[in-house]
Number of protein chains: 2
Amino acid sequence: MTSRRCAHTAGALRERHLARSGPPPELRNPPYTRLPNDSPKGKDRMEPPATRRRITIVDVARHAQVSVTSVSKVLRNAYGASPEMQEKVRRAIDELGFRPHAGARGLRGQTYTIGVMLPDIRNPFFPEILDGITASLKDTEYQVLLGPGCNGEKEEARVTEAMLDRGMDGLVLVAPVSPRAHLDHVGTAVPTVVVGRHGTSPAYDTVTDDDMAGAAQVVAHLAGLGHRRIAHIDHHETDPTRLMEMPNAHRANGYRLAMRAHGLEEWINVVATSYTQQGGYEGTRQLLALPAADRPTAVFAGADVVAMGVLEAVAEAGLSVPDDLSVAGYDNTTFAAFGPVSLTSVDQAGREMGRNAVRLLLERIADRGRPSTKVTLSPTLVPRRSTTRPAE
Amino acid sequence: MTSRRCAHTAGALRERHLARSGPPPELRNPPYTRLPNDSPKGKDRMEPPATRRRITIVDVARHAQVSVTSVSKVLRNAYGASPEMQEKVRRAIDELGFRPHAGARGLRGQTYTIGVMLPDIRNPFFPEILDGITASLKDTEYQVLLGPGCNGEKEEARVTEAMLDRGMDGLVLVAPVSPRAHLDHVGTAVPTVVVGRHGTSPAYDTVTDDDMAGAAQVVAHLAGLGHRRIAHIDHHETDPTRLMEMPNAHRANGYRLAMRAHGLEEWINVVATSYTQQGGYEGTRQLLALPAADRPTAVFAGADVVAMGVLEAVAEAGLSVPDDLSVAGYDNTTFAAFGPVSLTSVDQAGREMGRNAVRLLLERIADRGRPSTKVTLSPTLVPRRSTTRPAE
DNA sequence: GATGTCTTGAGTAACGTTTCCTAAAGGGCG
DNA sequence: CGCCCTTTAGGAAACGTTACTCAAGACATC
């Protein structure tokens with residue numbers, strides 16, 4: 001809110017500078033001057049370059065001897081340009097090296113920009129989704145731009161607002177934590193697809209994984225191996241909306257339902273920490289501190305990053321995986337596939353999610369009035385060496 | 001090149017549609033209609049929302065009963081607005097929920113957008129740099145937007161050009177592989193900082209790590225432990241410019257020099273594969289295939305991702321780290337810090353690199369004429385359990 | 001042969017903001 | 001008290017592109 005006001009001071013300084021007619025800029029920083037060494041290691045300085053004016057659509061029109069309108073039509077592949085016209089204009093574009101200015105285009109039409117918000121770049125699952133998105137957009141005029149990692153509501157709001165301000169044509173929000181009202185606000189302002197969050201809205205389209213089914217597969221796998229005391233590490237959540245919509249809640253529910261379905265309700269044990277390595281570590285410490293009769297023989301971590309923490313805690317306790325404890329994760333990240341780790345996990349088909357998100361987004365950009373849609377994908381269990389029969 | 005021409009067809013369709021006056025859009029997709037189920041799992045549809053006009057600076061001016069110019073001045077903290085004026089305008093901005101349109105601003109002044117290009121989102125080192133960048137920009141009006149992962153020259157060119165087209169105020173390019181000419185082109189068009197690539201240019205500023213020093217620290221560490229047969233896994237490179245400028249080349253050189261300095265030149269052994277997990281895996285297979293007398297007792301992988309491949313190959317060969325082979329990486333990623341892995345690595349202080357990049361960028365945005373600068377940071381060795389004395 | 005319709009091209013007014021310029025107040029100084 | 005300078009406010013012209021509107025010619029229809 002307040003940051004909106006405090007514009008960068010460069011502009012103010014320049015204007016004041018002109019008004020007071022102080023020393024011209026070129027005298028303040030003479031070229032080839034070496035400044036005192038204020039960097040940790042060292043500095044080298046070189047002469048500055050010169051910049052030149054950008055080619056515009058007017059230049060192209062003049063060079064091709066046609067009207068500006070015609071150039072614009074060719075640029076947009078719009079109706080009403082004869083083949084000869086197209087040829088002439090394209091030659092002029094190539095000869096001048098013209099590239100349309102996205103900001104100016106956005107003022108009237110589209111910016112040909114798709115904004116993607118990822119909650120955490122460090123989680124190796126999200127690049128999969130991103131790959132699906134970029135691959136689907138590769139042959140279009142659209143360009144993908146990412147928001148920087150956002151951990152909280154405030155950061156998310158800043159990033160989404162910034163994308164709206166920049167006139168993006170469509171947004172893909174991956175696992176957003178913002179309240180529904182904010183998502184609706186965004187979806188109303190611009191075509192939006194929310195990925196990895198359950199719950200639907202008329203304002204945006206949704207792509208999710210069937211998290212309940214994924215959790216059920218993990219429990220079935222572990223129960224099939226003979227485990228009974230199967231614990232689950234969940235992300236702690238109190239907000240009622242997020243409790244309904246966030247994937248972790250669905251995984252925990254799927255775990256509970258599947259445990260009952262396998263007649264293991266008495267062994268249901270959910271530790272709520274957080275979907276981080278630290279959360280997995282702490283959750284496991286709690287589980288290992290239980291009396292032997294209650295201690296789980298298998299842990300289903302809600303995410304692979306959580307499983308990393310589990311493995312760390314297990315190693316620290318002098319135990320080994322899977323002999324002393326079977327461990328399963330969720331997301332099938334490269335970490336899970338890493339040989340020495342070999343973590344049983346659930347593959348969410350991130351690429352497929354990204355592809356679907358783009359498809360829905362382009363559909364909605366083409367027809368903003370169409371009813372909103374939810375696509376649900378099925379996950380697949382990937383068994384690896386971190387799960388085996390229980391010791392007893 | 002050709003993709004520049006083939007605009008998305010939506011505009012063309014709409015224009016043709018109007019010209020031919022076919023059925024209006026609302027009849028093509030009647031609301032509440034359920035389409036056939038063509039998604040992998042299932043679909044739900046809901047009614048669409050309505051969108052409303054964006055608040056503009058004109059609305060603010062009218063509401064505050066002042067001129068548009070005055071509002072603009074307040075927005076930019078520019079000279080010539082009295083305190084009362086500022087107060088009036090800010091109240092109007094808050095009451096209306098006005099946010100300036102970045103694209104329109106970019107047409108005359110700045111877009112308040114900084115573009116960051118990361119070569120590979122999956123490499124856990126780059127988020128560190130990004131954190132440094134975003135942290136430094138948190139209290140400014142600037143917003144960071146990332147290009148999606150680019151693996152090659154072509155992708156890089158597409159992303160950088162897209163950022164130029166969008167009128168970004170500054171660019172941070174992390175470890176770009178583009179030829180120098182392209183970097184100069186970009187740097188001439190917009191303030192630019194290149195991170196993690198040696199070699200300087202008058203057109204842009206540079207922030208690098210002292211890779212030679214980092215490699216020397218690794219060799220010194222291993223030699224100090226008693227190792228003599230220390231091998232290095234490098235990224236294969238033939239392009240002469242990149243051979244001079246890319247960090248991997250500097251690390252390899254640092255390795256060679258340090259080996260000589262420790263009187264170990266006869267054991268210099270550089271395997272050139274690639275800076276990927278696969279590259280580390282293949283390189284290690286080659287090294288392990290050597291006759292016992294030549295086989296290294298320690299491997300210095302040029303990056304932590306490479307070390308991941310090394311560990312995988314070692315485990316697959318039935319050997320163990322560090323008893324049979326000491327392994328060191330580079331970048332000090334979270335993977336290296338992960339307890340069960342505990343990889344000796346070199347910390348590049350990514351946050352510090354990001355911070356310096358932003359500082360240089362803002363300096364240059366404020367004064368485009370200032371001479372270009374290079375900042376070099378010193379890396380730190382982080383010894384962990386993956387390196388120990390050699391067996392013999 | 002007159003009247004539409006379709007096609008192609010061009011002129012012009014937006015879009016939302018900043019920058020340049022000018023005008024009107026205030027205030028110190030001779 | 002008149003003059004100049006400083007401060008404050010506003011009008012108008014950019015910025016680069018697209019959407020709307022219109023005109024002229026080709027061609028088919030009655």
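Letters go in sequence order (proteins before strands), and every chain restarts at 1.
Rounded to a whole Å, the CG atom of B/Leu75 is 14 Å from the C1' atom of C/dT19. In this structure, CD of B/Glu84 is placed 15 Å from P of D/dT7, rounded to the nearest angstrom. Distance NE2 (A/His101) to P (C/dT18): 14 Å, rounded to an integer number of Å. Taking atom CG on B/Leu96 and atom P on C/dG16, their separation rounds to 14 Å, with Å as the unit. In this structure, OH of B/Tyr112 is placed 12 Å from P of C/dT17, rounded to the nearest angstrom. The CZ atom of A/Arg76 sits 7 Å away from the C1' atom of D/dA19 (whole-angstrom rounding). Taking atom CG on B/Leu164 and atom P on D/dG16, their separation rounds to 15 Å, with Å as the unit. Distance A/Arg62 CZ to C/dG11 P: 14 Å, rounded to the nearest Å.
B/Thr56 comes within 4.0 angstrom of sugar-phosphate atoms only, judged by non-hydrogen atoms across all strands, and of no base. Here A/Ser82 lies in heavy-atom contact (under 4.0 Å) with sugar-phosphate atoms only. Among the atoms of the strands shown, only primed sugar atoms or phosphate atoms (P, OP1, OP2) are found under 4.0 Å from some heavy atom of A/Ser70.
Counting only heavy atoms from C-beta on, A/Ala104 has its side chain closest to D/dT17 among D/dT18, D/dA12, D/dT17. For A/Tyr79, the listed nucleotide lying nearest its side chain is C/dT8; candidates were D/dG16, C/dT8, C/dG16.
When each of A/Val58 and B/Thr69 is assigned the nucleotide of DNA chain D with its nearest heavy atom, B/Thr69 is the one assigned upstream, toward the 5' end. Residue B/Val66 is the one, among B/Leu107 and B/Val66, whose nearest nucleotide of DNA chain D lies closer to the 5' end (criterion: closest heavy atom).
The terminal axes of the helix from C/dG1-D/dC30 to C/dG30-D/dC1, fitted over 5 pairs per end, subtend an angle of 50° to the nearest 10°.
Remark: B/His63 NE2 to B/Ile55 CD1 distance equals 9.5 Å, nearest 0.5 Å. Atom CG of B/Asp205 is separated from atom CG of B/Asn356 by 11.0 Å, given to the nearest 0.5 angstrom. How far CD1 of B/Ile57 is from CZ of B/Arg62: 12.5 Å, rounded to the nearest 0.5 Å.
In this structure, the side chains of B/Leu145 and A/Met168 come closer than 4.5 Å at one or more pairs of heavy atoms. Looking at heavy atoms from C-beta onward, B/Arg359 lies out of side-chain contact with B/Ser136 at the 4.5 angstrom threshold.
Between B/Arg108 and the phosphate of C/dC20, there is no side-chain N or O to OP1/OP2 separation shorter than 4.0 Å. For A/Arg105, a side-chain nitrogen or oxygen approaches OP1 or OP2 of D/dT18 to under 4.0 Å. For C/dT18, one of the phosphate oxygens OP1 or OP2 lies less than 4.0 angstrom from a side-chain nitrogen or oxygen of B/Ser72.
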> How far apart are the C-alpha atoms of B/Arg76 and B/Glu141, what are their side-chain angles, what is the distance that settles it, and do they pass the side-chain contact (heavy atoms from CB on, under 4.5 Å) test?
Replying inline: CA-CA 10 Å; B/Arg76 292 171 292 126; B/Glu141 185 85 333; over 6 Å; no

>> Applying side-chain contact (heavy atoms from CB on, under 4.5 Å) to A/Asp169 and A/Gln143, what does each step give before you reach the verdict?
In response: CA-CA 10 Å; A/Asp169 297 334; A/Gln143 173 66 40; over 6 Å; no

>> Could you walk me through whether B/Arg166 and B/Thr113 satisfy the side-chain hydrogen bond (donor to acceptor under 3.5 Å, both in side chains) test, starting with their C-alpha distance in whole Å, then the side-chain angles of each, then the deciding distance to 0.1 Å, before giving a yes or no?
In response: CA-CA 9 Å; B/Arg166 278 148 189 84; B/Thr113 311; over 6 Å; no

